[in-house]
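A short write-up of the structure that comes next.
The structure displayed is predicted, hence computed values, not measured ones. Quick note: residue numbers are just sequence positions, from 1. Whatever order the structure lists them in is the order used to number ligands and atoms, beginning at 1. Excluded from the calculations below are hydrogen atoms, water molecules and symmetry mates; all remaining heavy atoms, backbone and side chain alike, are included.
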Amino acid sequence: MKPHDAMFIDGGWRPAAGAEAIEVRNPADGQVIATVPAGTAQDVDDAVRAARAALPGWSATPPAERAARLAALRDRMAARIGEIAETVTAELGAPLTFSTRVHAGSPVAVAGSYAELAASYAFEEKLGTSTVLLEPVGVVGAITPWNYPLHQIVAKVAPALAAGCTVVLKPAENTPLVAQLFAECVAAAGIPAGVFNLVTGLGPVAGQALAEHDGVDLVSFTGSTAVGKKIGAIAGAAIKRVALELGGKSANVILPGADLARAVKTNVANVMANSGQTCSAWTRMLVHADRYDEAVARAAEAIAAYVPGDPTDETTRLGPLVSAAQRDRVRGYIERGVAEGARLVAGGPEAPEGREQGYYVRPTLFADVTPDMTIAQEEIFGPVLSVLRYEDEDDAVRIANGTVYGLAGGVWAADEETAVAFARRLETGQVDINGGKFNLLAPFGGYKQSGVGRELGPHGLAEYLQTKSLQF
Ligand code: NAD
């Protein structure tokens with residue numbers, strides 16, 4: 001796609017109010033591939049006004065018609081799936097095969113799921129002598145990160161539109177191009193002017209202006225816990241609805257009797273996907289002391305298959321990280337792990353051989369990691385897996401629950417019953433049982449500091465609704 005030197009506001013591309021620009025870099029070589037305008041408070045205000053003006057019409061549009069527009073949006077995105085994948089690979093650095101399947105494929109599926117839900121959802125319910133109307137919350141300010149750039153946009157915009165809300169989106173500064181491509185799809189889908197608006201820009205400028213704007217009724221934020229706390233404070237002070245999808249430090253617990261080979265291989269793949277830049281990644285693998293050495297050996301074998309490479313090469317399984325800042329941050333964590341006494345089994349802080357250009361990090365495996373170590377507590381957001389040892393089930397529960405986060409996790413056992421019994425004890429929003437696959441209809445979101453609210457499926461739609469009770 002050709003980048004726009006403009007904002008998408010009120011159904012058209014219009015010049016930004018200010019002159020500042022953001023450079024978009026290709027993480028594989030650090031070269032600038034595009035510039036987009038850096039929005040100001042003025043652009044945000046224009047966009048929010050457009051969204052407010054469009055709200056009465058869109059919220060009164062019958063759900064079946066909203067569903068038809070969302071189906072058209074899904075079709076426009078599906079028609080451009082190759083271009084979406086190439087764009088995400090260019091600005092994020094994800095391997096093209098992963099971009100095609102996940103970064104492009106999953107948003108198309110999510111848009112489709114909301115086309116169906118808009119048509120079938122019960123926007124009215126009976127409770128005793130009352131009829132409860134489920135009405136749109138209003139104007140949504142959506143602030144998204146770069147790690148699953150289109151998925152995170154669609155996971156907010158599609159349910160908001162299905163609910164009858166209108167939206168202003170501020171995407172991450174590293175990945176604005178796929179957001180512009182999405183805006184083109186919205187326009188082509190016949191979604192009325194002002195229902196969706198896009199303001200590219202810096203977080204502390206455009207993002208903050210959006211979170212603070214009086215015309216925004218709900219702020220939906222995905223990103224770091226540090227910024228999430230600020231957004232939560234702003235929304236709290238203004239008594240605005242807020243949804244926060246934040247960081248994670250998820251545990252994959254392999255119980256005695258589990259299929260160790262499969263559990264370890266799946267865990268390594270889970271952490272290496274997207275170069276470890278996945279909020280729900282199982283970055284802590286918990287293994288019983290009796291099978292610990294075997295698990296570490298299997299993990300070392302599995303990780304060797306992830307050779308950092310050119311993300312446009314279809315055989316590449318591990319691309320670079322998104323930016324020099326993220327690369328340096330992740331390398332810093334690897335150094336910290338070594339300094340605190342973890343055993344480096346594979347990888348390390350140096351640049352991978354032959355990959356000194358670009359933002360590459362070696363796939364890294366740490367053993368003998370104890371729960372108090374920094375690498376076992378903080379989100380690294382890179383291709384780094386820590387293996388921890390536990391003595392019994394209570395110990396495993398304590399370690400798994402022993403961080404401030406609670407986003408995802410895995411449990412592997414000889415049978416489902418044992419795994420489910422263990423999963424009930426975990427303080428986390430999702431648990432995959434014996435390798436259960438990601439489900440785009442299941443509520444996704446965090447316990448504890450991993451967030452507030454849920455995305456995807458009917459639970460994700462409910463976030464954008466408020467209730468009005470009529471008594472008869
Ligand atoms: P980030 O918090 O720096 O940025 C996220 C978004 O917030 C960007 O659009 C950014 O411009 C904006 N922003 C930054 N400062 C802001 C401010 N002061 N006011 C308003 N907006 C501001 O995070 P990131 O580095 O882009 O993303 C990585 C983080 O996101 C990781 O911690 C990861 O775990 C988390 N994440 C969570 C989920 C989830 O669903 N729970 C999903 C993906 C990523």
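- Here the protein heavy atom with the shortest distance to atom 40 (O) of ligand 1 is E245 CB, 3.1 Å.
- Within the 4.0 Å heavy-atom shell around ligand 1 one finds P171.
- Judged by distance alone, the side chains of T403 and K249 never bring a donor and an acceptor atom under 3.5 Å apart.
- Residues E314 and R317 are not paired through a salt bridge, judged by the lack of any N-O separation under 4.0 Å between the basic side chain and the carboxylate.
- Ranking the protein heavy atoms by distance from atom 13 (N) of ligand 1 puts G203 CA, 3.3 Å first.
- Checked against the 6.0 Å centroid criterion, the rings of F182 and F196 qualify as a close aromatic pair.
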In sequence, state the C-alpha distance, the side-chain angles, and the governing distance for R336 and E340, and then conclude on salt bridge (Lys or Arg N to Asp or Glu O under 4.0 Å). CA-CA 6 Å; R336 188 94 179 251; E340 290 183 11; 3.1 Å; yes
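- For ligand 1, the atoms closer than 4.0 angstrom to any heavy atom of V227 are 2 (O), 13 (N), 14 (C), 15 (N), 16 (C), 17 (C), 22 (C).
- Considering T222, L456, L407, N174 only, the shortest heavy-atom separation from atom 5 (C) of ligand 1 involves T222.
- Annotation: Q326 places no N or O atom under 3.5 Å from an N or O atom of ligand 1; distance criterion only.
- In summary, the atoms of ligand 1 found under 4.0 Å from a heavy atom of Q152, numbered by their order in the structure, are 42 (C), 43 (C), 44 (C).
- Nearest to atom 23 (O) of ligand 1 among the protein's heavy atoms is S224 N, 3.3 Å.
- For ligand 1, the atoms sitting less than 4.0 Å from at least one non-hydrogen atom of P145 are 26 (O), 27 (O), 43 (C), 44 (C), numbered in the order shown with element in parentheses.
- Residue, atom and distance of the protein heavy atom nearest to atom 24 (P) of ligand 1 are W146 NE1, 3.4 Å.
- Classification of R355 and D310 as a salt-bridged pair fails, no side-chain N sitting under 4.0 Å from a carboxylate O.
- Remark: the Q208 side chain and the E212 side chain contain an N/O donor-acceptor pair separated by less than 3.5 Å.
- Atoms of ligand 1 lying under 4.0 Å from at least one heavy atom of N147, given by number and element, are 43 (C), 44 (C).
- Checked by distance only, ligand 1 and I143 stay at 3.5 Å or farther apart across all their nitrogen or oxygen atoms.
- Remark: minimum distance from atom 18 (N) of ligand 1 to any protein heavy atom is reached at Q208 OE1, 3.6 Å.
- In this structure, G446 has no heavy atom closer than 4.0 Å to ligand 1.
- Within the 4.0 Å heavy-atom cutoff, E455 does not count among the residues contacting ligand 1.
- Note that atom 11 (O) of ligand 1 has protein non-hydrogen atoms nearby, at separations under 4.0 angstrom.
- Put simply, CD on E379 and OG on S224 are 8.5 Å apart, with the number rounded to the nearest 0.5 Å.
- Atom 9 (O) of ligand 1 has as its closest protein heavy atom T144 O, 2.7 Å.
- Of all atoms in ligand 1, listed by their number and element, those nearer than 4.0 Å to a heavy atom of F444 are 40 (O).
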Run the side chain to side chain contact (heavy atoms under 4.5 Å, CB included) test on R241 and Q466 for me, step by step, so that the C-alpha distance in whole Å, both residues' side-chain angles and the decisive distance to 0.1 Å come before the verdict. CA-CA 10 Å; R241 291 266 296 265; Q466 57 189 345; 3.9 Å; yes
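- Counting only heavy atoms from C-beta outward, the side chains of Q180 and F8 never approach each other to under 4.5 Å.
- Ligand 1 places these atoms under 4.0 Å from at least one heavy atom of G247: 34 (O).
- Note: no N/O pair closer than 3.5 Å links T225 and ligand 1 by distance alone.
- Inspection of the N147 and Q152 side chains reveals an N or O donor paired with an N or O acceptor under 3.5 Å.
- To the nearest 0.5 Å, atom CG of residue L210 and atom CG of residue D43 are 11.5 Å apart.
- For Q277, no heavy-atom contact with ligand 1 is shorter than 4.0 Å.
- A donor and an acceptor atom, one from each side chain of Y148 and T278, are located under 3.5 Å apart.
- Looking from atom 34 (O) of ligand 1 to the surrounding protein, the closest heavy atom is E379 OE2, 2.7 Å.
- Put simply, the side chain of F444 reaches to within 4.5 Å of the side chain of F438, judged on heavy atoms.
- With atom 7 (O) of ligand 1 as the reference point, the heavy atom nearest to it among Y148, F221, F381 is part of F221.
- Annotation: cation-pi geometry not satisfied between R327 and Y359 (NZ/CZ under 6.0 angstrom from ring centroid, within 45° of ring axis).
- Protein heavy atom nearest atom 41 (N) of ligand 1, with residue, atom name and distance: L246 O, 2.6 Å.
- The pair E463-R454 does not count as a salt bridge, with every side-chain nitrogen at least 4.0 angstrom from each carboxylate oxygen.
- Taking only nitrogen or oxygen atoms, main chain and side chain alike, C279 does not reach within less than 3.5 Å of ligand 1.
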